[in-house]
Amino acid sequence: MPTELTPLEKVRLEKLEHLREMGIEPYPNRAERTHTAEEAKAAFLTSEQAGEETGPRVTVAGRLRSMRPMGKITFAHIEDATERIQLFLRANDIGKDRLKLFNKFFDLGDFIQATGVLFRTHSGEITVRVEDFKMLAKAITPLPPAKDEVVDGKVVRHAVLADPETRYRQRYADLAVNPEVREIFRTRAKIVRALRDFLDDHGFLEVETPILQPIYGGAAARPFITYHNQLKQKLYLRISFELYLKRLLVGMYEKVYEIGRDFRNEGISFKHNPEFTQLEFYWAYADYFKVMEFAEEMIAFVADRVLGKRTLTWQGHEIDLNPPWRRVELRQGLIDAVGIDIKDCPTAEELAAAMKEKGIEPKPNASRGKLIDQLVSDYLEPNFIQPTFLYNYPRDISPLAKAMPGDPTMVERFEGFIGGMELCNAFTELNDPLDQEARFLEMGRTYAADDEERHPIDEDYLRAMRYGMPPNGGFGMGIDRLTMIFTDKRSIREVILFPHLRERGNAKPPAEAGENPTVEEKSNEG
RNA sequence: GGCCCAUUAGCUCAAUUGGAAGAGCAGGGGACUCUUAAUCCCUUGGUUGCAGGUUCGAGUCCUGCAUGGGUCACCA
């Protein structure tokens, strides 16, 4: 059970035992903090401005981040969630033995508290003249040393935990030494808060729908599969909230949204994590153009709240989030970008031929919709650096969207892009139960040859729709990707606290959890 | 899953064409009463990701594996 300790850890463990022998508890139950570092400094400034002779007496607590012992005095910094504050320990004040105890048995990374009167050092730094100090929690494993130097008012980090694998696997250590990483997740929380406020203010009701679903749907992805023992029933982790949220429109709610986790058993990349956070909303009596305007207003609102402005820099690009965003009609976009009018190519064969004529290799065995998707991915999306809505999509890759009047091959759907990355997806929702059933059957035929991708038909969803579903517009957006845009990160792992990595030292998966499991193989009986 | 790159001390990184594995920080010992990358002296620490191979000799070249990063595929 005990793990192998490094020599550095053994040294600290010995120090911990020494403390115990001296009657000092290295993990006491209580701390007596009166001020955060930030509050302490503010209190000092207040008393200084009032002309008081001595500064306020405070007890601060935090992690020991630097120590500079100089014989009979020691300077140190502790850091809490607000900021760092300097401690000044002097043999004259606390006695030689206490100072020696501090120098010898307290280490970088330990949580401690210190009590004393605030003053300014000769160099002007607000500092605690320590009268008493206490160990709050001894650190056994040393944090990677992160020394900061202040050069011309700028903080220069000299050694830093930079290895991405260690940073993701031990996010706690990453957060502990890299304050800018802590900031990312504060920003993320602000984004989510702003989205909620915006939707709440517009009369939307926040709801929670099942994560464990008997039938998965609403997107095209392979699911994670699990099993309920008592019900003796397979369950799927949702790949989308869509079909449940739209059931609620049948139930007479007009505006609903959910922010939560989706799970997709697909490849992992710089913009894909197996579980990711999604916002979806559904809005009765709205269509996709109304949703489009609402969406760009929503993002602008988030920018106002989170950044205080509507422009930002992402990977060197100046992004302007001010509405209205650029709008590109898909058919016209492809005419302009590749010189193919998809209207002239009503079948997959004709479109593939047109692509070959332009020197583009069409994906083998792809449907017309997939070929259009290929063209969009390769020739349109990468250029959508500024916020752009691409609208009017092919029907056969959009089985839940309503067809365009006058063109049964196309649907009223748009996607939003920033930085060349798909951010959101929306449509005028299909509410015709007979059409919906036909689409489901069509999808079933399309994938009949490939069991893996075939989705089970959600009969209950069709029943709900037969009760009558108001016309509505729906919208889905990846919160992780939005956070990437707002924090100027290129990898989704930078905005997820604990991203999924392959398990260490367990390279061989259990036999029953092999690649591409079928439902039958994957269920965990018992 | 394919291809490319990486893996050296706790952390960040060196190591000429194949020729004795190093530095800074952290750690240990010592000095030092206003330091802040404190400074100064001394010092511990390595099966170079793992397993093979080529060679008189491998951190360096070859093969396989592992993990990560990138990219492609996949992701209506």
Side-chain angles (χ1 to χ4, degrees), chain A residues 5-12 14-15 65-77 84 86-93 96 99 104 107-109 119-125 127 129 141-151 155-169 173 177 217-222 239-240 264-272 274 363 366-374 377 393-401 411 413 422 425 439 442-443 446-447 450 452-455 490-491 493 501-508 515-516:
Chain A
L5 292 180
T6 66
L8 296 185
E9 290 169 326
K10 282 177 185 157
V11 166
R12 291 197 174 198
E14 283 165 19
K15 291 182 181 182
R65 297 316 297 266
S66 69
M67 289 176 80
R68 292 175 294 283
M70 307 176 54
K72 297 191 177 62
I73 62 168
T74 290
F75 285 97
H77 275 96
R84 291 186 182 203
Q86 185 168 248
L87 308 181
F88 177 55
L89 297 91
R90 207 164 53 142
N92 295 17
D93 297 330
K96 255 173 28 189
L99 184 62
K104 212 167 162 64
D107 289 300
L108 299 183
F119 75 110
R120 274 192 199 275
T121 61
H122 293 336
S123 55
E125 180 166 350
T127 301
R129 187 188 300 274
T141 304
L143 285 167
K147 290 204 159 190
D148 293 337
E149 181 188 15
V150 180
V151 179
V155 175
V156 180
R157 180 88 37 77
H158 285 278
V160 69
L161 177 61
D163 173 47
E165 183 176 355
T166 310
R167 286 187 50 234
Y168 300 150
R169 286 191 195 278
V177 300
R222 282 183 290 167
I239 57 172
S240 148
R264 295 187 183 176
N265 209 338
E266 303 284 354
I268 297 176
S269 81
F270 71 96
K271 51 181 174 179
H272 297 91
K363 278 188 202 171
S367 69
R368 176 172 179 270
K370 281 209 173 185
L371 291 175
I372 292 171
D373 195 47
Q374 179 190 347
S377 299
Y393 275 68
R395 177 179 180 273
D396 67 297
I397 55 169
S398 316
L400 300 164
V411 293
R413 171 182 177 186
E422 181 194 336
N425 180 23
R439 302 281 195 98
E442 197 178 305
M443 295 303 292
T446 306
Y447 293 107
D450 188 354
E452 232 172 73
E453 282 199 43
R454 186 168 55 186
H455 285 201
R490 211 187 92 79
S491 167
R493 291 177 164 175
L501 299 181
R502 194 183 303 265
E503 197 177 352
R504 273 274 190 197
N506 199 5
K508 251 192 172 175
E515 178 76 358
N516 295 343

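Just so we're on the same page: letters track the sequence lines, and every chain starts at 1.
Here the separation of B/U16 from B/G2, taken at their C1' atoms, is 35 Å to the nearest Å. Using C1' as the reference atom, B/G30 and B/G22 are 25 Å apart when rounded to the nearest Å. B/U48 and B/G18: their C1' atoms are spaced 15 Å apart (whole Å). Look at the P atom in both B/U60 and B/G52: the space between them is 14 Å, to the nearest Å. Spacing between B/C42 and B/U35 at atom P, rounded to whole Å, works out to 24 Å. Going from the C1' atom of B/C25 to that of B/G45 covers 14 Å, rounded to whole Å. Distance check on atom C1': B/G1 versus B/U17 gives 38 Å, rounded to whole Å. Taking atom P in both B/A21 and B/G27, one finds a spacing of 29 Å when rounded to whole Å.
Within the nucleic acid shown, A/P399 comes within 4.0 Å of at least one base atom, counting heavy atoms only. Residue-level contact check: A/Y393 touches neither bases nor backbone, having no heavy atom under 4.0 Å from any strand. When heavy atoms are screened at a 4.0 angstrom cut-off, A/P394 is found touching no nucleic acid atom at all. Nucleic acid contact for A/T121: base, since at least one base atom lies under 4.0 Å from a heavy atom of the residue. If you check every strand for non-hydrogen atoms under 4.0 Å, A/K10 touches nothing. Using a 4.0 Å heavy-atom cutoff across all strands shown, A/R84 reaches no nucleic acid atom at all.
Shown here, B/G68 forms a base pair with B/C5; the pair counts as Watson-Crick or G-U wobble because both key distances fall under 3.5 Å. Figure legend. B/G27 is base-paired to B/U43; pairs are counted as Watson-Crick or G-U wobble with both atom distances under 3.5 Å. Base pairing annotation: B/U48 forms no Watson-Crick or G-U wobble pair, as no partner gives both donor-acceptor distances under 3.5 Å.
Distance from the side chain of A/E165 is smallest to B/G68 among B/G68, B/U35, B/U33. Taking only side-chain atoms of A/K363, from C-beta outward, the nucleotide of B/G70, B/C34, B/C74 with the closest atom is B/C74. Considering only the side chain of A/L161, B/C11 comes nearest among B/A76, B/G27, B/C11. Out of B/C34, B/G68, B/C75, the shortest distance to the side chain of A/L501 is found at B/G68. Here the nucleotide nearest the side chain of A/D163, chosen from B/A76, B/C32, B/U12, is B/U12. Of the listed nucleotides (B/G27, B/C32, B/G29), B/G27 has the atom at the smallest distance from the side chain of A/L108. You'll find that the side chain of A/I73 is closest to B/C34, out of B/C75, B/C34, B/G27. Across B/G10, B/U35, B/G70, the shortest atom-to-atom separation from the side chain of A/L8 is found for B/G10. Comparing B/C34, B/U35, B/C11 by their closest approach to the side chain of A/R68 singles out B/U35. In this structure, of B/C34, B/U33, B/G28, it is B/G28 that holds the atom nearest to the side chain of A/V11.
A/D373 has its CG atom 10 Å from the P atom of B/C74, to the nearest Å. In this structure, the CZ atom of A/R169 is 18 Å from the P atom of B/G10, given to the nearest Å. In this structure, A/D93 atom CG and B/C34 atom P are separated by 14 Å, rounded to whole Å. Protein atom CD of A/E125 is 10 Å distant from nucleotide atom P of B/A37, rounded to whole Å. A/E266 has its CD atom 7 Å from the P atom of B/A76, to the nearest Å. Rounded to whole Å, atom P of B/U33 lies 15 Å from atom CG of A/L89. The distance from atom CZ of A/F88 to atom C1' of B/C34 is 6 Å, rounded to the nearest whole Å. Between the CZ atom of A/R502 and the C1' atom of B/U7 there is a distance of 16 Å, rounded to whole Å.
In this structure, A/Y393 and A/R413 approach most closely via the heavy-atom pair CD1-O, 3.4 Å. Here the shortest heavy-atom pairing between A/S367 and A/D396 reads OG-OD2, 2.8 Å. Nearest heavy atom pair, residue A/I397 against residue A/K370, reads CG2-N, 3.8 Å.
Listed by chain and number, the residues in a side chain to side chain donor-acceptor pair (under 3.5 Å) with A/R264 amount to none (sequence neighbours excluded). For A/R439, the salt bridge (Lys or Arg N to Asp or Glu O under 4.0 Å) partners at least two apart in sequence or on another chain are A/D435.
Applying the 4.0 Å criterion to OP1 and OP2 of B/G28, one finds that A/K104 has every side-chain N and O outside that range. OP1 or OP2 of B/G28 lies within a sub-4.0 Å distance of a side-chain N or O belonging to A/K15. Dashed line: the shortest gap from a side-chain N or O of A/R490 to OP1 or OP2 of B/U71 is under 4.0 Å.
Here CZ of A/R169 is found 4.5 Å from CG of A/L501. Values are rounded to the nearest 0.5 Å. The CG atom of A/D107 lies 11.5 Å from the OG1 atom of A/T141; values are rounded to the nearest 0.5 Å.
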**Q.** CA sep, side-chain torsions, deciding dist, call: A/K15, A/K104, side chain to side chain contact (heavy atoms under 4.5 Å, CB included)
**A.** CA-CA 8 Å; A/K15 291 182 181 182; A/K104 212 167 162 64; over 6 Å; no
